[in-house]
Protein chains: 2
Amino acid sequence: MVKITDVARHAGVSPSTVSYALSGKRPISEETRQRVEASIRELGYRPHAGARALASSRSNVLALVVPLRTGIHVPVVMQFAVSVVTTARRHDHDVLLLTQEEGEEGLRRVADTALVDALILMDVQLDDPRLPLLRSLDRPSVMIGFPAEADGLTCIDLDFKAAGELCVEHLAQLGHRVVALVGSPPEVYVRQTAFAQRVVQGFTAATDRNGLASTVHPCEAAPAAARRVAEQLLREQPALTGVVVHNEAVLEPLIDAFEQLGLRVPGDLSVTAICPDELAESLRVPVTSIALPSAEVGERAVELLMRKLAGDDVPEATLLPPRLTRRASTAPRDTP
Amino acid sequence: MVKITDVARHAGVSPSTVSYALSGKRPISEETRQRVEASIRELGYRPHAGARALASSRSNVLALVVPLRTGIHVPVVMQFAVSVVTTARRHDHDVLLLTQEEGEEGLRRVADTALVDALILMDVQLDDPRLPLLRSLDRPSVMIGFPAEADGLTCIDLDFKAAGELCVEHLAQLGHRVVALVGSPPEVYVRQTAFAQRVVQGFTAATDRNGLASTVHPCEAAPAAARRVAEQLLREQPALTGVVVHNEAVLEPLIDAFEQLGLRVPGDLSVTAICPDELAESLRVPVTSIALPSAEVGERAVELLMRKLAGDDVPEATLLPPRLTRRASTAPRDTP
DNA sequence: TTCCCCCGTCGAAGCGCTTCGACGTCACGC
DNA sequence: GCGTGACGTCGAAGCGCTTCGACGGGGGAA
């Protein structure tokens, strides 16, 4: 193994000069740097990661904790992970993969052994048990999603309120005047994360602002429930022409139910959803939708961490603007 | 930060004794060990990963290289990654996530900087450009899949030949006498990996052994091609009652085509496939299938690496036995 | 009893790097 | 002409751990 002293000898300088030439932490004459770099190339020198970590107390590794829970959309997780790795590499960092399964002990382990410099957590719950731990660790972290109480921590996620609003604005612009929101199962509004409520807030704010008639319906994650909600909707709002769905599990059954009830999508009814693109695209009628921008979330999460590692202050909350993709399920209202 | 000297002082022993108590590399009296362990708990000691890596030239980290190519089934990759992490943890190792994108340079980097002790590569191609590199690295590796020439390297994968045989045996046991294999697109038999050919070998061996009439049809990954193959099949083998499909993309269209041609599955035609369980389960008629056992592959890959790290010899090739899951698409032949 | 060896422990020497203080040199301002 | 920095470089001191050789003491064999 070729080490820094070999390079130093070969270039006719001291080891510290090689180190400074590499890190740029002290001025080095252009000529010396050239010589050092040539020696490095010629000898094929690679600094030993462990030695570097020991001496500098920086491992240049980030921990990424991925969820295992069922009900998490796998491609989204994967896309996110890839974007974290790619962005981390741009900042000369590597990524250590941890599973949720290891729990708090795993986080403490990689942090306390100085295996990693910082942590990224996915799938954060409202009352996530890891919050106190994160606060007590001596390394920075970023969470994907918003817990109930995030004081002193850094969070990032899609701006779900804006997403709710954007869906409504889209329908309003198409001329729809009577709309409904089909939301998550009731229990989601309690447990898990705050995002469900925020969609409702956005939805309501936008319908008010646009003077639309509207209702909100939580819906169980079962086809039968979808059918029931569809019937109820048509009974209560016979003039309904626009629906926003924030519930991946019932999107397809709901559309089926509407069509069985004699409404064509988008002819009689426009549907927009907040769900992964994959789902929206795969349906018989591709659905106009807003997706969680996983690649962007990953990238931004890493960048937040880098700033924290550099000692900069970062905002506690980062909300990513929603982007709506128009597909076949929305159309201008057939003005009579 | 509490370090090994703190523990040593607290326990009234020397640092080396603490180290040996932890690693077990030298005998330590039961009593001393107890005392050391108590001190460790009391002080909350965690060995510094970098220091450990530097002194022992073992980082206890494995690299996992995941593919990004489209056409790779994401849930399978994810399942595999999770199983690698879980198994690695059981052996006191962590997992560094790399993307294929970083290429050979990435592999060389993590190996040469001693960031990782060993590597696992997914999605290995027949003529994979990384093969020479792997041979030249001073750390062990395991590949998922078989390249054309794997001398001196370690590979693991599903036993595709046995999978082909198992599908046929299943059909034969159900009384089917005339069967066909619908395989991958023609180009797959050339490029990529050897697994496509091996399925054919297994299929043929088993039909011969059982005295079945059979044909083999490569098939493009397009619904229209599926339709064409279905028609051709019925024309050439009017008595056909069993089909093995090794082509994820056309499984669904193929079944649709058969049904449109008047054959009911499984009433008139039994279908078995080699494909991810997710796909097999999601079809209108859930398909009897053999899946790539990703969790098992991941586990076994890590265990192979551990043995190599321990200096043991391991077989160059490991073939995992296929497991067939019966679903609704196969039934006994309607003996007239 | 003597010799030998094994058990349990210690001390010291690194592992390969970063970083701090120091030092010589040169350019500049007064 | 001299003080003053800034620049460029060096040497040495660790970073926290593992590991090797050594050593004292006790037990078994001869």
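Per chain, numbering begins at 1; letters A, B, ... match sequence-line order.
- In summary, A/Asp313 and A/Lys308 do not engage in a salt bridge, as defined by a charged side-chain N under 4.0 Å from a carboxylate O.
- Look at A/Arg89 and B/Glu101 and you find no salt bridge, because none of the NZ, NE, NH1 or NH2 atoms lies under 4.0 Å from a carboxylate O.
- The C1' atoms of five pairs define one axis at each end of the helix from C/dT1-D/dA30 to C/dC30-D/dG1, and these two axes lie 30° apart (to 10°).
- Listed in residue order, the members of residues 38-58 of chain A having a heavy atom less than 4.0 Å from DNA chain D are A/Leu54, A/Ala55.
- Look at B/Thr17 and you'll find a side-chain N or O under 4.0 angstrom from OP1 or OP2 of C/dC10.
- Toward the 5' end of DNA chain C, the nearer of the two residues B/Val18 and A/Met1, judged by each one's closest nucleotide, is B/Val18.
- Salt-bridge check for A/Lys3 with A/Asp6: failed, with every basic side-chain N at 4.0 Å or more from each acidic carboxylate O.
- Minimum heavy-atom separation, B/Leu137 to B/Arg108: CD2-CA, 4.5 Å.
- A pairwise comparison of heavy atoms in A/His48 and A/Gly50 identifies ND1-N, 3.0 Å as the closest pair.
- Contact between B/Asp157 and B/Gly145 at its shortest, heavy atoms only, is OD2-CA, 3.3 Å.
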Would you check, one step at a time, whether the test salt bridge (Lys or Arg N to Asp or Glu O under 4.0 Å) holds for A/Glu102 with A/Arg109? CA-CA 10 Å; A/Glu102 264 214 81; A/Arg109 184 174 57 81; 3.0 Å; yes

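- Contact between the side-chain N/O atoms of B/Lys25 and the OP1/OP2 oxygens of D/dT18 is not found at any separation under 4.0 Å.
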All N/O pairs under 3.5 Å across the protein-nucleotides 21-25 of chain C interface:
from: C/dG21; atom 1: N7; to: A/Arg26; atom 2: NH2; distance (Å): 3.1
from: C/dG21; atom 1: O6; to: A/Arg26; atom 2: NH1; distance (Å): 2.2
from: C/dG21; atom 1: O6; to: A/Arg26; atom 2: NH2; distance (Å): 3.3
from: C/dA22; atom 1: N6; to: A/Arg26; atom 2: NH1; distance (Å): 3.3

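- Listed here is the closest heavy atom pair of A/Ala11 and A/Ser39: CB-OG, 3.3 Å.
- Counting heavy atoms from C-beta outward, A/Met78 and B/Val66 have side chains that approach closer than 4.5 Å.
- Of the side-chain N and O atoms in A/Ser14, none sit less than 4.0 angstrom from OP1 or OP2 of D/dT9.
- With a 4.5 Å cut-off on side-chain heavy atoms, A/His93 and A/Val61 do not count as touching.
- Residues satisfying the ring pair (Phe, Tyr, Trp, His ring centres under 6.0 Å) test with B/Phe80, not counting sequence neighbours, are none.
- Ion pair A/Arg46/B/Glu105 flagged as a salt bridge, since at least one NZ, NE, NH1 or NH2 atom sits closer than 4.0 Å to an Asp/Glu carboxylate oxygen.
- Between B/Arg323 and B/Glu296 there is a salt bridge, with a side-chain nitrogen of the basic residue lying less than 4.0 Å from a carboxylate oxygen of the acidic one.
- Nucleotide C/dG16 holds its P atom 14 Å from the CG atom of B/Asp112, rounded to whole Å.
- Ion pairing of A/Glu31 with A/Arg35 is present here, as a side-chain N (NZ or NE/NH1/NH2) and a carboxylate O approach within less than 4.0 Å.
- For DNA chain C, none of the residues of residues 27-35 of chain A falls under the heavy-atom distance limit of 4.0 Å.
- Shown for residues 3-10 of chain B: residues whose heavy atoms fall under 4.0 angstrom of DNA chain D, namely B/Lys3, B/Ile4.
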Please determine whether side chain to side chain contact (heavy atoms under 4.5 Å, CB included) holds for the pair B/Leu319 and B/Phe146, giving the CA-CA distance in whole Å, both sets of side-chain angles, and the decisive distance to 0.1 Å. CA-CA 10 Å; B/Leu319 292 171; B/Phe146 285 83; 3.8 Å; yes

